[in-house]
Amino acid sequence: MQTIRAAVCRAFNEPLVIEDVLLAPPGTGEVEVTLDAVAICHSDITFASGAWGGHLPAVYGHEAAGVITATGDAVGGFDVGDPVVVTLIRACGSCPSCAGGKPTICETPYDTVKGPLQTADGGPLEQAMACGAFAEKVVVSHRQIVKIPETMPKDVASLLSCGVITGVGAAVNAAKLRPGQDVVVIGAGGVGLNAIQGARLAGARRIVAVDMTEEKLEIAKEFGATHGVLASLDRPWKAAFKALGGRGADAVLITVGAIPAYDQAPRYLGRGGKAIMIGMPHSGDLSTYEPVVLAALGQGVVGSKMGDVVIQRDIPWMIDLYEQGRLKLDELISGRWSLHQINEAIADTKTGSAKRNVILFNRD
Ligand SMILES: [Zn+2]
Ligand SMILES: [Zn+2]
């Protein structure tokens, strides 16, 4: 066991506490990654609010990048010194979902409370989301990481771990958009902007962003939205139909957790269209829809976790597109903070105006 600094959640809805915790060495199939950067995702905030339950104390944080500093046995060719991104997708590689090409819905349970973290006095400490990346180091499965170029800045790379793959993957893998299709993206936050980028990369004809403020609709246009609709309008789908030449969308990508967005999403669809549920509402929240309409119009509503990505397949091409200037990543970062500022960074993210706040560990 070694001692590292981490931001620990000791009580829901309370500030995280920076303290020393214990980290076990990597076991078989695992690596230790010393982190340079971890971004704050809304999922971290939802967990810290208690809305999804979970054990306390816990270390959240799951959009990270750093360098491998130790390895266990059988780590699939990774080596000490490799720069990597760390994702929360701890897939076993052999269950029916993994074997079927869907590692984001791996069926093999992983006990995050019995993971590599302990409190300084040896008590249980949850490695939330199989990462626990609000900490100087993580120990994770080699299946959760992907190598990145030495030259790629880690703050930028960290965004690939969740927000980017979830948004772009939702457009490309889940909605399977093809050139010429029309899409509505509800929410122009960290995931929504990436869903917009994914739709643009897929060749969408018209990309309508729906959000609560004009400011966010303007940002959405910088990422590829062709039209913007204020969600506060009475029947905002009418404005979307107008933008789409009088018909509904081939796909609507719901990137927020607010239930009204789920209730309204099918209204934006054209015949044969699909609504893709990407955002993560609180446990127990319910949405309603009118089945006869979906049946009569041949529409669908389907969930997508983490953009249905296969990280080893999808992250490398996203890195290439970034390096070619075709995928915006630098522009997604709205603030850089140190670990001891993490509660301020979280508060800033909660205001909803930030794109992504990134914690930098500033190690030598
Ligand atoms: Zn996330
Ligand atoms: Zn699996």
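One-based numbering, in listed order, for ligands and for the atoms of each. Remember, predicted model here, so these are calculated numbers, not experimental data.
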If you draw a 6.0 Å radius around CZ in Arg313, do more than 12 non-hydrogen atoms from other residues or ligands fall strictly inside?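 Check passes, neighbour count above 12.
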How wide is the angle at the Zn ion (ligand 2) between SG in Cys92 and SG in Cys95, to the nearest 10°?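 Between SG of Cys92 and SG of Cys95, the angle at the Zn ion (ligand 2) is about 110°.
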How wide is the angle at the Zn ion (ligand 2) spanned by Cys98 SG and Cys106 SG, rounded to 10 degrees?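 With the Zn ion (ligand 2) as the vertex, SG (Cys98) and SG (Cys106) sit 110° apart.
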Take the angle between the ring planes of Tyr268 and Trp237 and call it parallel below 30°, perpendicular above 60°, tilted in between.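 Correct class here is perpendicular.
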What I want to check is whether the side chains of Lys114 and Gln127 have a donor and an acceptor closer together than 3.5 Å.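 No pair is found: no donor N or O on one side chain lies under 3.5 Å from an acceptor on the other.
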Does any N, O or S atom in His62 come within less than 2.8 Å of the Zn ion (ligand 1)?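 Coordinating: yes.
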Linking I/L/V/M/F/W/Y whenever their side-chain heavy atoms sit closer than 4.5 Å, directly or via other members, would Phe223 and Val184 fall into one cluster?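 No, Phe223 does not connect to Val184 through the hydrophobic network.
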